[in-house]
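Accompanying notes for the structure given below.
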Amino acid sequence: MDISLVTDILNTGVTGFAFLMLYLGFKLTSNVQAKIFEHKPGDFKSIEMYREWKGLIASQLTNTRYFLAFSLLFFAGGLFLLLYQAENRITVETSPEKLPFSPRVFFQSKPMDLSNDNSLLVKDGQNIRVSYDEPVAKIQALNALLEHQKNLAKALMIEKASRSDDVGF
């Protein structure tokens, strides 16, 4: 088994760890069975040696079965945790409702279209990012235009005042 495959499986969390435990238990059971099938009853010098070997093999198989049962229980618990993650509904509302521009909402780094019900169903550990880049850029552009208009109005007032007959009074 490739080590990168093991790390990928372990990155899935409890379920991946339990899967690896089940795999190891299967390999252990296969190895024990291979060792059992290597020996024939006629290979032993005495009946006592055969009984001792048989007892060792029986206890080894029992231990392997306990390990597999524990791994299977762990695996089922991991699957249950994956399925039972709590879900939360998040509603995104903007005020006023009719804006020429609205914030962009990203769910798990993908842009979302919230035009229909403005709500998202999320699980624990998922991320939501609300980006106000477009509205902020438009507000900054409008503020710059407003400042420019104020400067033009001030310059126009000064020019009109300097042409007036009442200059100097």
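The first residue in the sequence is number 1, and the count goes up from there.
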Find the distance between [atom1] ([X]) and [atom2] ([Y]) and round it off to the nearest 0.5 Å.
X: F17; Y: L20; atom1: CZ; atom2: CG; answer: 8.0 Å
X: Y23; Y: L28; atom1: OH; atom2: CG; answer: 12.5 Å
X: K27; Y: L22; atom1: NZ; atom2: CG; answer: 14.5 Å
X: L152; Y: K150; atom1: CG; atom2: NZ; answer: 13.0 Å
X: L146; Y: N151; atom1: CG; atom2: CG; answer: 10.0 Å
X: L156; Y: Q149; atom1: CG; atom2: CD; answer: 11.0 Å

Examine F74 and F26 and state if one hydrophobic cluster contains both, with Ile, Leu, Val, Met, Phe, Trp and Tyr joined whenever side-chain heavy atoms are less than 4.5 Å apart.
->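 Not linked; separate clusters.
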
Contacts under 3.5 angstrom, residues 61-69 side chains, donor-acceptor by atom type, not counting sequence neighbours:
from, atom 1, to, atom 2, distance (Å)
T62, OG1, A58, O, 2.8
N63, ND2, S59, O, 3.4
T64, OG1, Q60, O, 2.8

Under the side chain to side chain contact (heavy atoms under 4.5 Å, CB included) rule, collect the residues that match up with E48, sequence neighbours excluded.
->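 Listed in chain order: S46, R51.
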
Please report the closest heavy-atom contact between A18 and S71, naming both atoms and the distance.
->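 It is CB-O, 4.0 Å.
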
Assess whether side chain to side chain contact (heavy atoms under 4.5 Å, CB included) is satisfied between F75 and M21, documenting all intermediate values.
-> CA-CA 9 Å; F75 185 71; M21 286 176 48; over 6 Å; no

